[in-house]
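Encoded as structure tokens, the structure appears first; notes follow it.
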Amino acid sequence: MSEIRVRFAPSPTGYLHVGGARAALFNWLFARKMGGKFILRVEDTDIQRSSEEMVRGILEGLEWLGLDYDEGPYFQSDNAEKHRAAAYGLLENGWAYRDFTPKEERDDATVKKVTAEAARQGKVTNPFRNLSPEESDARARSGEPFVIRFKTPEEGKTSFDDAVFDLQERDCKEIEDLALLRSDGHPLYNLSVVVDDILMGVTHVIRGQDHLSNTHKQVLIYQALGKPAPRFAHLPLILAPNKGKLSKRKHGEIVSVTTYRDAGFIPDAFVNFLALLGWSPAGTEGVGDREIFSREELINLFSLEGIHKSNAVFNFTEGDARNWTDQKALWMNAEYIKTMPMEKLFPMVKSELQRSGLWRDEYEGERRAWFERTVGLIRERARTLTDFPKHGRPYFVDDLNFEFDEAAVKKNLHKDPALKELLPQLADAFATLDEFTHDSTEALLREFADEKGVKAGLLINATRTALTGQAVGPGLFDVVAAVGKDRTVARLKHVAQLAPGGQ
RNA sequence: GGCGCGUUGGUGUAACUGGUUAACACGCCGCCCUCUCAAGGCGGAGAGCACGGGUUCGAGUCCCGUACGCGCUACCA
């Protein structure tokens with residue numbers, strides 16, 4: 001069997017969105033699984049809409065996801081000459097004709113309505129379809145502008161066996177005489193994809209279901225070109241919570257994969273989440289109810305048969321800061337952060353801390369053990385990588401340059417006036433400890449509480465807020481040990497000064 | 001309008017070729033743990049499988065119809 005070759009062919013009309021990312025992922029998984037090649041091709045036929053910046057966005061997204069391509073990126077526009085040649089070839093052998101109808105300018109917004117309205121009138125035979133070659137040539141020679149259209153057969157049907165949607169058939173009379181070449185000579189999508197896929201030896205076309213109807217046109221073009229069509233596999237769509245289309249205009253940054261990168265997602269976690277949107281390893285022996293899969297496992301488990309037919313909803317709540325994206329994605333990310341090997345997590349946390357100016361080289365030198373322990377503390381309740389600088393700041397700064405949560409201060413420091421006296425005393429007691437560990441500090445604090453006749457919880461919560469500014473966080477004695485003796489003593493004394501006197 | 005595709009709890013999914021009280025995960029609620037918050041453990045609510053017919057001893061699984069959603073119907077991709 002010859003080599004499997006698949007491609008991801010995004011149009012650079014925006015950044016890499018989750019739908020595109022998932023299409024790229026499935027192509028990549030298939031290529032890796034089958035030992036084939038994964039090709040990246042940018043469909044920039046419509047040059048007016050393309051920009052280098054947008055191409056960069058796509059490349060960045062793929063890189064972050066770790067979807068490396070074996071060939072490319074190719075640019076469809078580079079092949080325009082070949083696409084044109086193909087169109088003229090079809091013109092010559094009678095599979096296409098020149099249409100001299102004057103161009104109608106339609107803007108993107110109204111084109112749907114206009115075309116739907118036109119379709120309502122019923123299909124009409126293009127008056128130029130049967131123009132004699134002589135007359136057609138003559139008019140072309142005279143400089144009259146024309147578009148080259150495919151001469152869709154009047155009889156018969158097209159068919160292909162989709163790997164996901166099974167046998168697809170369509171009557172040719174339902175298919176319009178699609179334009180192949182614009183009057184300005186630019187090749188159009190349906191021609192370009194086919195020619196490029198032939199040129200690149202693509203064996204499997206895995207793409208969004210929105211192309212399912214187009215595929216019939218492409219099948220016709222393959223026939224006209226005398227080439228076998230590849231195997232098609234159409235993916236279900238990813239929809240917004242209202243089951244409508246996911247779009248940049250309506251849903252903003254939430255659909256861009258770079259948003260997830262910047263928000264502190266682990267690439268593997270996002271890939272894992274994406275893989276389960278519209279695909280499942282159902283029926284695979286021994287997989288059971290698992291949902292967490294490493295990249296290698298996904299590659300092994302992946303198959304076109306596991307792809308669903310029905311669309312999936314990307315479930316997020318607009319305007320909810322905590323659940324800004326799909327909660328399962330968030331959960332999965334937390335799961336990865338919590339369980340991944342420290343060696344893999346370390347560099348991610350490092351660059352995150354560097355971004356917020358909290359990184360020190362000693363963290364991978366003499367203080368590495370301390371740093372890893374501290375990261376271990378934070379990771380247990382982190383949902384994204386940005387939680388490391390956010391929750392971790394009190395551990396990484398020497399001074400008091402971290403935020404004190406107002407409610408926490410009120411509840412844990414100001415509520416009981418006795419703390420103004422107790423905290424400095426506790427600080428002094430801590431200062432006497434030679435060995436400053438989880439156990440030794442806990443023993444000391446509890447004994448101190450007993451002596452003073454107060455509940456340990458009072459001091460514990462006050463100390464937590466003194467050391468971290470928060471009312472919530474890891475177990476207090478883990479915090480104390482991580483913050484260390486000097487800072488613990490200093491911070492306890494500091495907050496005591498801030499406490500309201502007397503009352 | 002035409003053509004195509006789809007429809008299992010709020011979301012993602014499972015349910016071998018029709019055969020136990022429709023399963024799992026996320027989310028939600030409660031309990032336990034506990035110095036807080038998470039995590040973790042335990043338990044619970046939530047779908048009778050879009051709706052209506054049919055076939056069958058028996059249907060989420062097969063057939064027909066309807067509704068709804070989505071896609072295509074461009075000199076966009």
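Computed from a predicted model, the values in this text were never measured in an experiment. Order of the sequence lines fixes the chain letters, A, B, ..., with proteins taken first and strands second; residue numbering starts at 1 for each chain.
In the interface, the side chain of A:Asn214 is paired with the base of B:rA77 through a donor and an acceptor atom under 3.5 Å apart. One cannot find a donor-acceptor pair under 3.5 Å joining the base of B:rA39 and the side-chain atoms of A:Lys338. In this model, no side-chain donor or acceptor of A:Ser213 finds a partner on the base of B:rC3 within 3.5 Å. With hydrogens and angles ignored, no donor-acceptor pair closer than 3.5 Å exists between the side chain of A:Arg170 and the base of B:rC3.
Under the Watson-Crick or G-U wobble criterion, with both distances below 3.5 Å, B:rU66 is paired with B:rA50. Base pairing annotation: B:rC28 forms a Watson-Crick or G-U wobble pair with B:rG44, both donor-acceptor distances under 3.5 Å. B:rG58 makes up no base pair with any nucleotide shown, lacking Watson-Crick or G-U wobble contacts both under 3.5 Å. Here B:rU17 sits opposite no nucleotide as a Watson-Crick or G-U wobble pair (both hydrogen-bonding atom distances under 3.5 Å). Look at B:rC33: it lacks any Watson-Crick or wobble partner with both distances under 3.5 angstrom.
Nucleotides B:rG60 and B:rU21 place their C1' atoms 16 Å apart, quoted to the nearest Å. Going from the P atom of B:rC42 to that of B:rG27 covers 16 Å, rounded to whole Å. As rounded to the nearest Å, B:rC57 and B:rA15 have P atoms that lie 27 Å from one another. The P atoms of B:rG53 and B:rU11 are separated by 25 Å, rounded to the nearest whole Å. Rounded to whole Å, the separation between the P atoms of B:rC72 and B:rA77 comes to 13 Å.
Between B:rU13 and A:His308, a contact under 4.0 Å exists linking OP1 or OP2 to a side-chain N or O. Residue A:Arg446 has a polar side-chain atom (N or O) positioned under 4.0 Å from OP1 or OP2 of B:rC35. Side-chain N/O atoms of A:Arg290 include none lying less than 4.0 angstrom from OP1 or OP2 on B:rA25. In this model, the phosphate group of B:rC68 is not approached by any side-chain N or O of A:Lys243 to a distance below 4.0 Å at OP1 or OP2.
Using a cut-off of 4.0 Å between Lys/Arg side-chain N and Asp/Glu carboxylate O, A:Arg149 and A:Glu176 are scored as not salt-bridged. The residues A:Lys328 and A:Glu291 are annotated as salt-bridged, a charged nitrogen and a carboxylate oxygen being separated by less than 4.0 angstrom. We find that A:Asp161 and A:Arg231 are joined by a salt bridge, their nearest charged nitrogen and carboxylate oxygen being less than 4.0 Å apart. Under a 4.0 Å N-O distance rule, the pair A:Asp166/A:Lys309 qualifies as a salt bridge.
Here the closest heavy-atom approach between residue A:His234 and residue A:Ile307 is recorded as O-CG2, 4.4 Å.
Relative to the side chain of A:Ala312, the nucleotides B:rC26, B:rU13, B:rC37 differ in distance, and B:rU13 lies closest. Listed nucleotides: B:rC75, B:rG4, B:rU11. Nearest to the side chain of A:Arg182: B:rC75. In this structure, the nucleotide among B:rU11, B:rC75, B:rC70 sitting nearest to the side chain of A:Asp326 is B:rU11. Distances from the side chain of A:Leu212 to the nucleotides B:rC75, B:rA38, B:rC5 place B:rC5 closest. Listed nucleotides: B:rG4, B:rC75, B:rG12. Nearest to the side chain of A:Gln168: B:rG4. Nearest nucleotide to the side chain of A:Asn461, out of B:rU13, B:rU36, B:rA77: B:rU36. Counting only heavy atoms from C-beta on, A:Lys328 has its side chain closest to B:rC26 among B:rC26, B:rC37, B:rG2. The side chain of A:Asn311 approaches B:rC70 more closely than any other nucleotide in the set B:rC70, B:rG6, B:rA77. Candidate nucleotides B:rA77, B:rC75, B:rU13 were compared by shortest atom distance to the side chain of A:Lys103, and B:rC75 ranks first. With B:rC70, B:rA77, B:rC26 as the candidates, the nucleotide lying closest to the side chain of A:Leu237 is B:rC70.
Here A:Pro145 lies out of heavy-atom contact (under 4.0 Å) with every strand. Using a 4.0 Å heavy-atom cutoff across all strands shown, A:Lys309 reaches sugar-phosphate atoms only and no base atom. Among the atoms of the strands shown, base atoms are found under 4.0 Å from some heavy atom of A:Gly475. Among the protein residues, A:Ser310 comes within range of the sugar-phosphate backbone only, with heavy atoms under 4.0 Å from sugar or phosphate atoms but none that close to a base. Within 4.0 Å (heavy atoms only), A:Lys411 reaches no atom of the nucleic acid at all.
Taking the syn range as angles within 90° of 0, the glycosidic angle of B:rG48 is syn.
Remark on RNA chain B: of its neighbouring residues A:His211 and A:His438, the 5'-side contact belongs to A:His438, judged by nearest-heavy-atom nucleotide. Mapped onto RNA chain B by nearest heavy atom, A:Gln209 and A:Asn323 fall at different nucleotides, with A:Gln209 at the one closer to the 5' end.
At a threshold of 4.5 Å between non-hydrogen side-chain atoms, the residues A:Phe388 and A:Leu345 count as touching.
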| message | With side-chain hydrogen bond (donor to acceptor under 3.5 Å, both in side chains) as the criterion, how do A:His83 and A:Asp196 come out once you've worked through the C-alpha distance, each side chain's angles and the decisive distance to 0.1 Å? | response | CA-CA 8 Å; A:His83 304 158; A:Asp196 280 347; 2.8 Å; yes

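For the atom pair CZ (A:Arg393) and OG1 (A:Thr468), the distance works out to 13.5 Å, reported to the nearest 0.5 Å.
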